[in-house]
Amino acid sequence: ILTSRSITRLANIPQKKKDAMLMADAMRAPVSVHRKAYVPEASTLMKMNRTRHLIAVGDQDEFMGLVTISDVAHSMEGRYVEFMRSVMRDMEKDLLTTGGHKRALFERNPNAVFSLDCNGIIEHVNPAAILLTGYSSDFLIGTPAIKLLTEVCLHAGKSAMSAALQGDAQSVQIQIQGIDQRVVHVFLSFVPILVDGELSGVYAVGFDITDRVLAEHRLHKLSQALQQAGEPIAIVDRYGVIEYANSQLHKMFSYEEGDLVGKRLKALECVQQGEESHYKEIITSIIEGIPFKGEFFHRNKNNDILDLKVSASPVHVPGSPQVNYFINIYEDMSSRRETERQAVRSQKMETIATLAGGIAHDFNNYLAAITGSLYLFRRD
């Protein structure tokens, strides 16, 4: 399993070091699967290992191909329709009239299956459909399928079902209004049932994608929060390679949006001759799970020196035995330095004024004595 972070990191490693690397240095532990592994198994592996890429290797260590999360999504959703169509083609004639294994295929299908007549009325449901909606079979049977949809996706659901009633299978991502006003996100496929070339109904087959949709929403919110934050922020892997940088960080370092991704933090630091990089100290601290705070100089794209304060915090992923990445928050210290310099100047002027006042007071005492003596001399 080769992660996208590993790919970015490998691109920045010198060739000499690459030649001495072991597979375990670049890849996580390999996972053995059956030669005829299916897409759901790849999806499960990606979810368990928190990765977006799979490299398939044969039993003779030959390269078989690269599987990305996009491939999985395409197969799980796009080709899923074709799979269900072939299943329904075998079931359409005697699914509900004959017993045995064909009825079991309907009843034990892990996906929710709604059998609709030519008017879109639910005729039969399997246990998975009851579990998905929370309604009983008595409630569902005889109900128009459209009534289960929320208003937000009513038009999309009607269009997909109308196309299926015209003989054209359609898939759509919609929301179903479950029991107790519970909203369930479902990937629903409408598959026409043809008996001797005549349309006899529609199968609506769906699977629950609520967890995925909610996770995508949370990810989007977090991404927008980081992007619109007032502080420059970077997400960095444990090797010091930037995986994410918000707009404020790009602005601070005078880079175009996205140009900082893939760069090493060390390349942004302004290291004086004879000094070591501070980021070596940061990464060492982060790997041990200890936050780091420090102030040192950086250099932007225009070679201007930036006086920055860096606060680095490790990110602990549940189930991961080590810290894989951390978050850097930057603060420009130039304005604060100027404020401090002005405060020092003010303190100096205050000290000089106090000293001058003291000298003037002492000198005035001497002048008073002289003036008094002169007054007495003049009187005599």
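Note that the coordinates shown come from a computational prediction; the quantities given were computed from them, not determined experimentally.
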With a 4.5 Å heavy-atom cut-off, do [X] and [Y] have their side chains touching?
{"X": "E231", "Y": "Y330", "result": "no"}
{"X": "I233", "Y": "L249", "result": "no"}
{"X": "F253", "Y": "D304", "result": "no"}
{"X": "I121", "Y": "T143", "result": "no"}
{"X": "F190", "Y": "S171", "result": "no"}
{"X": "V315", "Y": "N324", "result": "no"}
{"X": "D138", "Y": "I141", "result": "no"}
{"X": "L149", "Y": "I176", "result": "yes"}

Report the distance from atom [atom1] of [X] to atom [atom2] of [Y], rounding to the nearest 0.5 Å.
{"X": "F292", "Y": "S313", "atom1": "CZ", "atom2": "OG", "answer": "11.5 Å"}
{"X": "I282", "Y": "N328", "atom1": "CD1", "atom2": "CG", "answer": "5.5 Å"}
{"X": "L260", "Y": "R264", "atom1": "CG", "atom2": "CZ", "answer": "14.5 Å"}
{"X": "R345", "Y": "Q347", "atom1": "CZ", "atom2": "CD", "answer": "11.5 Å"}
{"X": "R299", "Y": "I305", "atom1": "CZ", "atom2": "CD1", "answer": "3.5 Å"}
{"X": "K158", "Y": "C153", "atom1": "NZ", "atom2": "SG", "answer": "11.5 Å"}

How close do [X] and [Y] get, counting heavy atoms only, and between which atoms?
{"X": "A160", "Y": "Q170", "result": "O-CB, 3.7 Å"}
{"X": "I290", "Y": "S285", "result": "O-OG, 2.7 Å"}
{"X": "D208", "Y": "H185", "result": "OD1-O, 3.2 Å"}
{"X": "I283", "Y": "Y239", "result": "CD1-C, 4.0 Å"}
{"X": "C118", "Y": "S200", "result": "SG-C, 3.8 Å"}
{"X": "P192", "Y": "D168", "result": "CG-N, 4.2 Å"}

Is there a chain of hydrophobic side chains (I, L, V, M, F, W, Y, each step under 4.5 Å between heavy atoms) that links [X] to [Y]?
{"X": "I130", "Y": "V183", "value": "no"}
{"X": "L116", "Y": "L154", "value": "yes"}
{"X": "I179", "Y": "L140", "value": "yes"}
{"X": "L148", "Y": "I146", "value": "yes"}
{"X": "F187", "Y": "V152", "value": "no"}

Quiz item: Would one find more than 12 heavy atoms of other residues, nucleotides or ligands at under 6.0 Å from atom CZ of R378?
Solution: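 Not more than 12 within 6.0 Å, no.
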Quiz item: Taking the side chain from N126 and the backbone from V113, do they hold a donor-acceptor pair closer than 3.5 Å?
Solution: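 Such a contact is found between N126 side chain and V113 backbone.
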Quiz item: Any donor-acceptor pair under 3.5 Å linking the side chain of Y135 with the backbone of G178?
Solution: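 Side chain of Y135 to backbone of G178: a pair is present.
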Quiz item: Could you go step by step and tell me if R212 and I209 meet the side chain to side chain contact (heavy atoms under 4.5 Å, CB included) rule?
Solution: CA-CA 5 Å; R212 191 195 78 184; I209 58 172; 3.8 Å; yes
Quiz prompt | Full working for side chain to side chain contact (heavy atoms under 4.5 Å, CB included) between K263 and V241 | solution = CA-CA 6 Å; K263 286 188 174 294; V241 178; over 6 Å; no
Quiz item: Would I193 and V202 satisfy side chain to side chain contact (heavy atoms under 4.5 Å, CB included), going step by step from the backbone distance to the final call?
Solution: CA-CA 5 Å; I193 305 171; V202 171; 5.6 Å; no
Quiz item: With distance as the sole criterion, is a donor-acceptor pair present between the side chains of E269 and H278 under 3.5 Å?
Solution: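 There is such a pair between these side chains.
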Exercise. Determine, stepwise, if the pair L188 / V205 fulfils side chain to side chain contact (heavy atoms under 4.5 Å, CB included).
Key: CA-CA 6 Å; L188 196 62; V205 186; 5.8 Å; no
Self-check item: Pair H298 and F296, ring centroids less than 6.0 Å apart
Solution: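 That pair passes the under 6.0 Å test.
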